[in-house]
Amino acid sequence: MSKLWGGRFTKTAEEWVDAFGASIGFDQALVNEDIEGSIAHVTMLGKCGVLPKDEVEQIKNGLQALREKAAMGELEFSVQQEDIHLNLEKHLIDEIGPVGGKLHTGRSRNDQVATDMHLYLRNQTNEIMDGLKKLQQALVTQANEHVETLIPGYTHLQRAQPVSFAHHLLAYFWMLERDYGRLEDSLKRVNVSPLGAGALAGTTFPIDRHYSAELLGFDDIYHNSLDAVSDRDFIVEFLNASSMIMMHLSRLCEELILWSTQEFQFIEMDDSFATGSSIMPQKKNPDMAELIRGKTGRVYGHLFSLLTTLKGLPLAYNKDMQEDKEGMFDTVETVKGSLNIFAGMIETMTVNVDTMEKAVHHDFSNATELADYLATKGMPFRQAHEVVGKLVLVAIQKGVFLLDLPFSDYEDASELFEKDIYEVLNPKTVVARRNSAGGTGFEQVRVSLQKAEQLLANSHKS
């Protein structure tokens, strides 16, 4: 089978060399975007008088036929034609005859592939943004049920202060909101058209790049042809944003895994998102959370792989840039799948409220309240910190917690203590009183929930 570009060559490559250099094994994922870009390109060629109207219609009809065949899985792709672009061009020529070869007038594979990837990432970025909102909604739904459910808050993975479970969940809502914002902002760089930049220097044909950009829904065109065909910043930016998403998901995975252990028992994962052991019949493993935590590394790898590929490349296009696609495709599928799984895990998990409640009563996470109590009565905070530290030591030596200490121990520690100290130490009071903006106080959590719900409502409208 002869190459569409083979006129200058007197020898053909060995089959294994063709296979090594071909990208059709993975870039066929761009079939719809390539056809969409080609339809816009040939429409523009007709408007500008580069091709006669009848030939434009022939080519457009042929491309539509290919699109229908692709949808039904009836297109076969060949390694000999290397990539999705040459495969589709060959199919077009087979479909409508030699006039199909005129489609490539005024463009190169360099601007063609860049256009395809801009279209692909625009579509996929919007789908991932929808996935983020779905997960955020799941977090908000659970949070609404657990505003006054208490959970130990941790620093250094040591009990620190009790917090509202809703407050803890909403921390991830706001992380995902930043992820959404990064993707939304990245669309400014994605939604730019390289079509018509040619191989690197533009074209002598009287084309209208703004028109083809408009047909494809792009906001602007690249204003430098070298930059248009060599830019992969938009993919790097997507991989970076995806790495941030996966990092946030992985952190929550780690907490879900911990919370579902026998040691914590704060939650139970739904059977749909867990598996058993081949040898230990009692096991219920949080495998989906572990897989998402593990898949985070592969997304990081794709980011660093592309950065490394690009770092030494001169302008404009180089064959190395074929390595930009597989990592991008895999990242898209990994992030979309992870978000979908995660929404289901959050929606269906069982929260063991009583276990959490016991946990916040059986620790010293209310100790800060004692220091604040003394400080409000005029004792310098550093002195109050020392007084409370000694009280904690007394409780540890007696094998009890602060709420269990007799009032005589408080009197011995400071004359500023009064019997209202037991109400102050109640975990529910501890949480409710932390009512500074953004705090875990129940009223503040409800304010945060209201803002979250407004954001979700507004984003779905747009």
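Looking at Gln161 and Thr368, their side chains do bring a donor and an acceptor atom within 3.5 Å of each other. Side chains of Arg107 and Ser38: a donor on one and an acceptor on the other come within 3.5 Å. Side-chain polar atoms of Glu82 and Asn87 form no donor-acceptor pair below 3.5 angstrom. Under 3.5 Å, the side chains of His248 and Asp179 contain a donor-acceptor pair of N or O atoms. With 3.5 Å as the limit, one finds no donor-acceptor pair spanning the side chains of Ser164 and His167. With 3.5 Å as the limit, one finds a donor-acceptor pair spanning the side chains of Lys336 and Gln124. Tyr154 and His168 form no side-chain donor-acceptor contact under 3.5 Å, judged by distance and modelled atom types alone. In this structure, a donor-acceptor pair under 3.5 Å is absent between the side chains of Tyr172 and Gln136. The closest side-chain donor-acceptor pair between Lys451 and Gln454, if any, does not fall under 3.5 angstrom. With 3.5 Å as the limit, one finds a donor-acceptor pair spanning the side chains of Asp287 and Thr275. A side-chain N or O of Asp34 and one of Gln112 form a donor-acceptor pair less than 3.5 Å apart.
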Exercise. Would Lys134 and Asp130 satisfy salt bridge (Lys or Arg N to Asp or Glu O under 4.0 Å), going step by step from the backbone distance to the final call?
Worked result: CA-CA 6 Å; Lys134 182 180 176 184; Asp130 288 342; over 6 Å; no

Exercise. Does the pair Ile59 and Leu51 meet the rule for a side-chain contact (heavy atoms from CB on, under 4.5 Å), with working shown?
Worked result: CA-CA 10 Å; Ile59 293 170; Leu51 294 181; 4.1 Å; yes

For this session: Give the intermediate values and the outcome of side-chain contact (heavy atoms from CB on, under 4.5 Å) for residues Val335 and Leu249.
Result: CA-CA 10 Å; Val335 174; Leu249 297 187; 6.0 Å; no

Exercise. When you look at Phe238 and Ile128, which way does the side-chain contact (heavy atoms from CB on, under 4.5 Å) test go after all the steps?
Worked result: CA-CA 11 Å; Phe238 168 75; Ile128 290 171; 3.7 Å; yes

Exercise. Given the rule in the side-chain contact (heavy atoms from CB on, under 4.5 Å) test, do Glu323 and Leu306 qualify, once you have shown the distances and angles that lead to the verdict?
Worked result: CA-CA 7 Å; Glu323 293 298 308; Leu306 185 55; 6.0 Å; no

Exercise. Would Lys69 and Glu95 count as a salt bridge (Lys or Arg N to Asp or Glu O under 4.0 Å) if you check the C-alpha gap in whole Å, the side-chain angles of each, and the deciding distance to 0.1 Å?
Worked result: CA-CA 11 Å; Lys69 288 182 179 180; Glu95 184 81 21; 2.9 Å; yes

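Listed here is the closest heavy atom pair of Ile93 and Gly101: CG1-N, 3.7 Å. Closest heavy-atom contact between Val430 and Arg434: O-CG, 3.2 Å. The minimum heavy-atom distance linking Gly276 with Asn285 is given by the pair O-ND2, 3.7 Å. Closest approach of Val431 and Thr440 over heavy atoms only: CG1-O, 3.4 Å. Smallest separation of non-hydrogen atoms from Glu347 and Ala138: CG-CB, 3.7 Å. For the residue pair Gly198 and Val229, the shortest heavy atom distance occurs at O-CG1, 3.3 Å.
Atom CD1 of Ile346 sits about 12.5 Å away from atom CD1 of Ile341, to the nearest 0.5 Å. To the nearest 0.5 Å, atoms CD (Glu74) and CG (Leu66) are separated by 11.0 Å. Rounded to the nearest 0.5 angstrom, Asn32 CG and Arg67 CZ are separated by 7.0 Å. Summarising the geometry, atom CD1 belonging to Ile221 is positioned 3.5 Å from atom NE2 belonging to His210; distances are rounded to the nearest 0.5 Å. For the atom pair CD1 of Ile257 and CE of Met288, the computed distance is 11.0 Å after rounding to the nearest 0.5 Å. The distance from atom CG of Asp330 to atom OG of Ser305, rounded to the nearest 0.5 Å, is 11.0 Å.
Using a distance-only test at 3.5 Å, with no hydrogens or angles considered, no donor-acceptor pair links the side chain of Gln142 to the main chain of Leu169. No donor-acceptor pair closer than 3.5 Å links the side chain of Arg293 to the backbone N or O of Leu252. Of the possible polar contacts, none joining the Asp320 side chain to the Thr309 backbone as a donor-acceptor pair under 3.5 Å is found. No donor-acceptor pair closer than 3.5 Å links the side chain of Arg298 to the backbone N or O of Thr331. Put simply, the side chain of Asn61 gets close to the backbone of Glu57: a donor and an acceptor are under 3.5 Å apart. For the pair Ser448 (side chain) and Gln444 (backbone), a donor-acceptor distance under 3.5 Å is absent. Between the side chain of His118 and the backbone N or O of Val190, at least one donor-acceptor pair lies under 3.5 Å. Judged purely by atom type and a 3.5 angstrom limit, Thr141 uses its side chain to pair as donor or acceptor with the backbone of Gln137. Between the side chain of Thr296 and the backbone N or O of Met246 there is at least one donor-acceptor pair closer than 3.5 Å. In terms of modelled atom types and a separation under 3.5 Å, the side chain of Asp83 and the main chain of Leu86 share a donor-acceptor contact.
Between Val351 and Glu145 the shortest side-chain heavy-atom distance does not fall below 4.5 Å. Using a 4.5 Å heavy-atom cutoff, the side chains of Asp233 and Val236 are not in contact. Counting heavy atoms from C-beta outward, Leu449 and Asn144 have side chains that approach closer than 4.5 Å. At a threshold of 4.5 Å between non-hydrogen side-chain atoms, the residues Thr115 and Glu36 do not count as touching. Annotation: side chain of Leu215 is in contact with side chain of Thr43 (closest heavy-atom distance under 4.5 Å).
Between Lys284 and Asp271 there is a salt bridge, since a side-chain N of the basic residue sits under 4.0 Å from a carboxylate O of the acidic one. Using a cutoff of 4.0 Å between basic side-chain nitrogens and carboxylate oxygens, Arg232 and Asp324 are scored as salt-bridged. Using a cut-off of 4.0 Å between Lys/Arg side-chain N and Asp/Glu carboxylate O, Glu148 and Arg446 are scored as salt-bridged. Salt bridge absent: Asp219 and Arg122 never bring a charged side-chain N and a carboxylate O closer than 4.0 Å. For the pair Asp354 and Lys358, the salt-bridge criterion is not met [side-chain N within less than 4.0 Å of a carboxylate O].
Heavy-atom neighbours of Arg251 CZ from other residues, nucleotides or ligands within 6.0 Å: at or below the threshold of 12. Heavy atoms from other residues, nucleotides or ligands lying under 6.0 Å from CD of Gln262 number 12 at most. Remark: Glu254 CD is packed, more than 12 non-hydrogen atoms of other residues, nucleotides or ligands lying under 6.0 Å away. More than 12 heavy-atom neighbours from other residues, nucleotides or ligands sit within 6.0 angstrom of CZ on Arg189.
Aromatic rings of His41 and Tyr211 (six-membered ring for Trp) have centroids beyond the 6.0 Å cut-off, not under it.
Of the candidates Leu200, Leu195, Thr203, Leu195 is the only one forming a side chain to side chain contact (heavy atoms under 4.5 Å, CB included) with Asp111.
Below 30°, between 30° and 60°, or above 60°: for His146 and Phe165 the angle between ring planes is above 60°, a perpendicular geometry.
A ring pair (Phe, Tyr, Trp, His ring centres under 6.0 Å) check over residues 275-334, counting only residues at least two apart or in different chains, returns the pairs Tyr120-Phe329.
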